[in-house]
Q: 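This is the structure I have questions about; it appears just below.
Just so it is clear, the model here is predicted, and its values are computed rather than measured. Below, chains carry the letters A, B, ... as their sequence lines are ordered, and counting in each starts from 1. Side chains included, hydrogens not; waters and symmetry mates left out as well; all remaining heavy atoms used.
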Amino acid sequence: MKVEIEKVYEPSKTESKWYKKWKDGGFFRSRPEAGKKPFTIVIPPPNVTGSLHMGHALNNTLQDIIIRFKKMRNFNALWVPGTDHGGIATQNVVEKLLKAEGKDRHALGREKFIERMWQWRAESGDTILNQLTRLGCALDWERTRFTMDETCSRAVLAAFIELFNRGLIYRGKRLVNWCPRCHTALADIEVEHEEEIGKLWHIKYPIEKAKGDKKEKFLVVATTRPETMLGDTGVAVNPEDKRYKKLKGSKILLPLVGREIPLVYDDAVDMTFGTGAVKVTPAHDPTDFEIAARHKLPHVVVIDFHGRMTEDAGADYKGLDRYEARKKVLHDLEARGLLLETVDHPHSIGHCYRCNSVVEPLVSEQWFLKVEEMSRKAMKAAEDGRIKFYPESWRKPYMMWLENLRDWCISRQIWWGHRIPVYYCRGKEQGASSKEEMKQSACPPIVSAEPPKKCPKCGGTNIEQDPDVLDTWFSSALWPFSVFGWPDKGRGKGQGSGEGLNDLEYYYPTSVLVTGHEILYLWVARMVQMGLTFMGDIPFSEVFIHGIVRDKSGKKMSKSLGNVIDPLGVMEKYGTDALRFALTQSAAPGRDMQLSEDSFVSARNFANKIWNASRFVMMNVEGIVWDENHIMTVWPMELADRWILSEYRKTVRDVTKAIENYDMDVAARTLYEFFWSKYCDWYIELAKIRIGSDDLKQRKAALSILIELLAGTLRMLSPVMPYLTEELWQSIRGFVKHTGSSENIMLSSWPEADESKIDQQALDEMALVQQVITSVRTIRSEMNVPPGKGITVTVKPHSDEKRKVIERNGSYLQCLAKIETMEINSKASRPKQSALAVISGYEIFVPLSGLIDLNKEKTRLEKELTGARQEIERCNQKLGNESFVTRAPAAEVDKIKQRLGDAQLKSERIAVSLQNLG
RNA sequence: GGGUAGUUAGCUCAGCGGAAGAGCACAUCCCUUACAAGGAUGGGGUCGCAGGUUCGAGCCCUGCACUACCCACCA
């Protein structure tokens, strides 16, 4: 085999070819297979409007690592791709396009608009999926789903009908969160609260004079929303509030409007807030809505679905935007002397999570899903451990959310989505078209997957479907089973397997759900509710929650802040593997991460290091004629071999454990540390001694270990850095024992390591050797000995055992510390004009006649001495502590004694040396 | 108002009961035949504050202070 390999790793040359080969080779495909354990992940479906951002890159890299890892561990691993139709968000995108063309959806009409939506989705909806291929994701593309495709839509209809039949879905006129810009209701969770400094206005409400009253009397109410006063139908105070007790039965004259409204007594009023008197606007405030219900106060709607004042707001205000109306109301109140005071008041304001408009609570007819029972089930699954959270700390927020959940408003007044499968008979009359009129029809609504031909009750054919669509999250909640064809259990039967297994039974419940915590409630909790309701089983047994990607200063990356780092740009500049590695390295479970350009540079450098180390190994391996027994174990191993094998085994053990535990950051760091700091910095350097030797047997010994461990490390790295490792694998697999017939790294197995073979003696001895080498290097560096210059060193071991270590590994010292001649002498004394190092078990003298700067050496030794003396003091303190000696474990006490001994010797020798220096 | 996490080297973060760590940045030397996207060496930290538990505490407990995020019908 001829090895030709560039000096610098160029990702673009590598990445372009592999994805297609993997895909065409069927490595991403999974079909049910009897006797093979499935491992399933369904992708959190990105919106069709999406373009790959860092959050996606992180989320999908982590999933890809898990899938590739499981494939290598011989699971039947499936990762299902797909996209979400993204209801409001997507409709907004297309509406914007229309607007640019000078059109709007209403002019276009529902049918044409939806046609346009589909056209857009056909043109642009796959962008993000294509970007996922660029990221290298091992998704089974033959299973790509879309929440509005036929399969998923069927599941949505079936789910709605089932829930309706079980009495869990109902329709009602409620005060809901309304976005006046998107023109639809929103679920509670779709409202984002932001703290703002608003104003609290104190307004005088005149009390109607009783007979004989001379003075004008007022009640003062405090409000943050003066414009809603036009819709007030009462004023409420707490029944315990002494200030207002004697006003019982009073009538209040609503200013500006002149309406007479009652004073009511209600526990919901907080006596300590404001003036203790609350204006009650049932149609525009949730609390007031409830107070009104208790006291039978009427509703007066003064704000419409566009956020403008209605006719009922009065002629002066009708048609005004709600904020203009506020100004005018305040102005008018002030003019009448009714505005008492204005104070700053911090409070949180709800915004639409799609367009950021201020949400308006409005009364409207909506569909709701009862959640109490589903929530109980979902909580139980987390409580009894059927669903595990990584990290565990996310369980509590999940529980708390479910505990306080209120019924879910599932209808949306937009056009893009799954239309609610409810039909209304408009009777035999023609012409009724508003929702109100439909409701008033005598016949009950018809709930059906197919449009009914005629009304089952009256036989009328004048039937119209409910105009609303379902919340996009309703379909997402079904994702873990809708992708497998639910409710049709037989669907997918035997797809390529011929074994009578069907997808739903084989793959459900899925294994792990990987997501950021921002959609824990919006999505994860709801999948659990729906999974338990429809499948009778959890949708996944593990939830791996990763952090949110932030910028260098800790802010969430967003287009509006302009602080996004585009993952596509990073892939372009540094390579996909570098992007993936950088993300993985900072992906501590549940912790947000701050990314900067630096992390990509460092990951790119790591990729290059892997490239060059592999290049080195291959350059030396080529030309060697291997016989059948080229395996590492044939030759007696020397220290470096035993050491690196032990380090490797530890790495395999730790990395495997880390990935299984979803500690991807630990896995990445462990591999980085092993490969760079151990394999490259030490083992390759030591192996060079034998590689340069004339003894072919020696060369083969070192190279066989180099290549075996390189292969193993590449395999471990491959889930994180698939492109680079695949490319290198193709060059080395011919030399490696374990490859079998595997053509691609994804099909080769994950390394196994026998932990019992971790050789502690080798680890300890190597640590000693490294210390000696490092201490000599330090002297060289600090005394400015030119790197090329060989030196003479005298090593004075303090025991026979220590002497043997040096004797055995003399060549290591000579090569790595550039020692020309080395004397080992237990009785040596420090030569004149020499530098000194004292480490545990050794003194090392480096004669530097002519080279040594005595002052420099003195300073250096003084520093060392100070350190040693501090150490002695610390140890003495401990050992002098009676309770330490008696209560600490003996091993600990021995350790301190050992350290004391080392430090004493060190300080003694250095002190003598300093004296000699003068 | 409630909850959760965080506060360790200039920056990003590991460590979570027994001598303060890594990467980046910085300084010195080196283009040594895998790699200058590299190598060797070095400087730099009363581990947010105050108590407590322990022979021993970044590490466990209790307060407090900031910071971030989440939840909430604070008119």
Q: Please confirm whether the shortest side-chain N or O distance from A/R860 to OP1 or OP2 of B/G42 is below 4.0 Å.
A: no
Q: Closest nucleotide of RNA chain B for A/N620 versus for A/M400: which of these residues is on the 5' side?
A: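 It is A/M400 whose nearest nucleotide is closer to the 5' end.
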Q: What one-letter contact string describes nucleotides 20-25 of chain B from 5' to 3', where B marks a base within less than 4.0 Å of any protein heavy atom, S marks contact via sugar-phosphate atoms alone, and - marks no contact?
A: ---SS-
Q: By the 4.0 Å heavy-atom rule, please label A/D270 as base, sugar-phosphate, or nothing.
A: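 Result for A/D270 = base.
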Q: Could you tell me whether A/C680 contacts a base, only the sugar-phosphate backbone, or nothing, with contacts defined as non-hydrogen atoms closer than 4.0 Å?
A: base
Q: What pairs of nitrogen or oxygen atoms, one from the protein and one from nucleotides 26-31 of chain B, lie under 3.5 Å apart?
A:
none

Q: Give every residue pair that meets the salt bridge (Lys or Arg N to Asp or Glu O under 4.0 Å) criterion with at least one member in residues 669-679 of chain A, sequence neighbours excluded.
A: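 Checked against salt bridge (Lys or Arg N to Asp or Glu O under 4.0 Å) - neighbours excluded - the pairs reaching residues 669-679 of chain A are A/E647-A/K678, A/D665-A/R669, A/E673-A/K678.
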Q: Between B/G42, B/A19, B/G18, spot the one nearest the side chain of A/K878, thanks.
A: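 Looking only at side-chain atoms, A/K878 lies closest to B/G18.
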Q: Whether A/K279 contacts B/A75 is assessed here as follows: a side-chain N or O lying under 4.0 Å from the phosphate OP1 or OP2. Is that the case?
A: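 Indeed not, no polar side-chain atom of A/K279 lies that close.
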Q: Quick one: list whatever passes salt bridge (charged side-chain N to carboxylate O under 4.0 Å, His left out) with A/R395, sequence neighbours left out.
A: A/E392
Q: Expressed in whole Å, how much space separates the C1' atoms belonging to B/C13 and B/C74?
A: 38 Å
Q: Listed in order of residue number, which residues of residues 286-295 of chain A have a non-hydrogen atom at under 4.0 Å from RNA chain B?
A: A/T287
Q: Give me the distance, rounded to whole Å, that separates B/C35 from B/C47 when you measure between the P atoms they each carry.
A: 43 Å
Q: Is any side-chain heavy atom of A/F606 closer than 4.5 Å to a side-chain heavy atom of A/L717?
A: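 A/F606 reaches A/L717 side chain to side chain.
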Q: Could you classify B/G6 for me, syn or anti, using a glycosidic angle within 90° of 0 as syn?
A: anti
Q: Indicate yes or no: does A/E782 engage A/K863 in a salt bridge with an N to O separation below 4.0 Å.
A: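 Judged by the 4.0 Å cut-off on N to carboxylate O distance, A/E782 and A/K863 do not form a salt bridge.
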Q: For B/G42 and B/A25, measure between their C1' atoms and round to the nearest Å.
A: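 Approximately 15 Å lies between the C1' atom of B/G42 and that of B/A25.
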Q: Side chain of A/R591 only, heavy atoms from C-beta on: which candidate in B/C13, B/G42, B/G18 is closest?
A: B/C13
Q: Kindly assign one of parallel, tilted or perpendicular to the pair A/F600 and A/Y574, based on the angle between their ring planes and the thresholds 30° and 60°.
A: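 Because their plane-to-plane angle is under 30°, the rings of A/F600 and A/Y574 count as parallel.
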Q: Which nucleotide, B/C35, B/C55, B/A14, lies nearest any side-chain atom of A/A588?
A: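 That would be B/A14.
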Q: For the C1' atoms, the ones on B/G51 and on B/G10, what distance do you get once it is rounded to whole angstrom?
A: 32 Å
Q: Taking only residues two or more places apart in sequence, or in another chain, which ones meet A/D241 in a salt bridge (charged side-chain N to carboxylate O under 4.0 Å, His left out)?
A: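 Listed in chain order: A/R243.
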Q: Using the P atoms only, state how far B/G52 lies from B/A5, rounded to an integer number of Å.
A: 26 Å
Q: Can you confirm if the NZ or CZ of A/R526 lies within 45° of the ring axis of A/W408 and under 6.0 Å from the centre of its six-membered ring?
A: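 Judged by the rule, A/R526 and A/W408 form a cation-pi pair.
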Q: Is there a donor N/O on one and an acceptor N/O on the other, under 3.5 Å, for the side chain of A/Q870 and the base of B/A19?
A: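 By the distance-only test, no, there is no pair.
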Q: Please list all pairs meeting salt bridge (Lys or Arg N to Asp or Glu O under 4.0 Å) that have one or both residues in residues 192-201 of chain A, counting only residues at least two apart or in different chains.
A: A/K199-A/D344
Q: If you look at every strand shown and take non-hydrogen atoms under 4.0 Å, does A/A268 touch a base, only sugar-phosphate, or nothing?
A: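 Here A/A268 touches no strand at all.
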Q: I want to check something: taking the side chain as every heavy atom from C-beta on, are A/V176 and A/F368 in contact at a cut-off of under 4.5 Å?
A: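 A/V176 vs A/F368: side chains touch.
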Q: Can you sort out which residues in residues 661-670 of chain A have a heavy atom within less than 4.0 Å of RNA chain B? Ascending by number, please.
A: A/R669
Q: Only counting residues at least two apart or in another chain, list the ones meeting salt bridge (charged side-chain N to carboxylate O under 4.0 Å, His left out) with A/D285.
A: none
Q: Look at all strands and tell whether A/P889 reaches a base, only sugar-phosphate, or nothing, counting heavy atoms closer than 4.0 Å.
A: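 Contact class for A/P889: base.
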Q: Does A/R604 reach a base, just sugar-phosphate, or nothing at all? Heavy atoms under 4.0 Å.
A: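 Here A/R604 touches the bases of the nucleic acid.
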Q: Taking the basic N atoms (NZ, or NE/NH1/NH2) and the acidic carboxylate oxygens, is any pair closer than 4.0 Å for A/K906 and A/E871?
A: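 Result for this pair is no, no salt bridge flagged.
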Q: Quick one: is the NZ or CZ of A/K688 closer than 6.0 Å to the six-membered ring centre of A/F616, and within 45° of its axis?
A: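 Checked: cation-pi criterion met.
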Q: Does some side-chain heavy atom of A/Y679 sit less than 4.5 Å from a side-chain heavy atom of A/L710?
A: yes
Q: Base, sugar-phosphate, or nothing: which does A/S348 touch, judged by heavy atoms less than 4.0 Å apart?
A: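 Counting heavy atoms under 4.0 Å across all strands, the contact made by A/S348 includes a base.
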Q: With rounding to the closest Å, how many angstrom separate the P atoms on B/A57 and B/A34?
A: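 Going atom to atom, P in each nucleotide, I get 50 Å.
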Q: Which is true for A/F606 with a 4.0 Å heavy-atom rule: it touches a base, it touches only sugar-phosphate, or it touches nothing?
A: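 The residue A/F606 makes no contact with any strand.
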Q: Which residues pass the salt bridge (charged side-chain N to carboxylate O under 4.0 Å, His left out) test with A/D266, sequence neighbours left out?
A: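 Here the qualifying residues are A/R294.
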Q: Counting heavy atoms from C-beta on, name the nucleotide in B/G18, B/A19, B/A72 closest to the side chain of A/E871.
A: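 Looking only at heavy atoms from C-beta outward on A/E871, the closest nucleotide is B/A19.
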Q: At 4.0 Å (heavy atoms only), tell me whether A/V8 reaches a base, stays on the sugar-phosphate, or touches nothing.
A: base
Q: Taking only nitrogen or oxygen atoms into account, show me every contact under 3.5 Å that the protein makes with nucleotides 43-45 of chain B, one pair per line with its distance.
A:
residue	atom	partner	partner atom	Å
B/G43	OP1	A/K863	NZ	2.3

Q: Between A/F389 and A/H517 (judged by ring centroids, cut-off 6.0 Å), do the two rings come close enough to count as a pair?
A: no
Q: Can you check whether A/L816 reaches A/W682 side chain to side chain, under 4.5 Å on heavy atoms?
A: yes
Q: For the C1' atoms, the ones on B/A9 and on B/G45, what distance do you get once it is rounded to whole angstrom?
A: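 5 Å, rounded to whole Å.
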Q: Scan A/N608 against the nucleic acid and name what it touches under 4.0 Å (heavy atoms): base, sugar-phosphate only, or nothing.
A: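 Base: the residue A/N608, judged by heavy atoms under 4.0 Å, touches a nucleobase.
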Q: Tell me whether the side-chain N/O atoms of A/K7 come closer than 4.0 Å to OP1 or OP2 in B/C35.
A: yes
Q: In whole Å, measure the gap between the P atoms of B/C29 and B/A68 for me.
A: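 Looking at atom P only, B/C29 and B/A68 are 44 Å apart.
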Q: Taking both distances under 3.5 Å as the test for a Watson-Crick or G-U pair, what stems of at least three pairs does RNA chain B have?
A: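 RNA chain B forms these stems: B:1-7 with B:65-71, B:10-13 with B:21-24, B:26-30 with B:38-42, B:48-52 with B:60-64.
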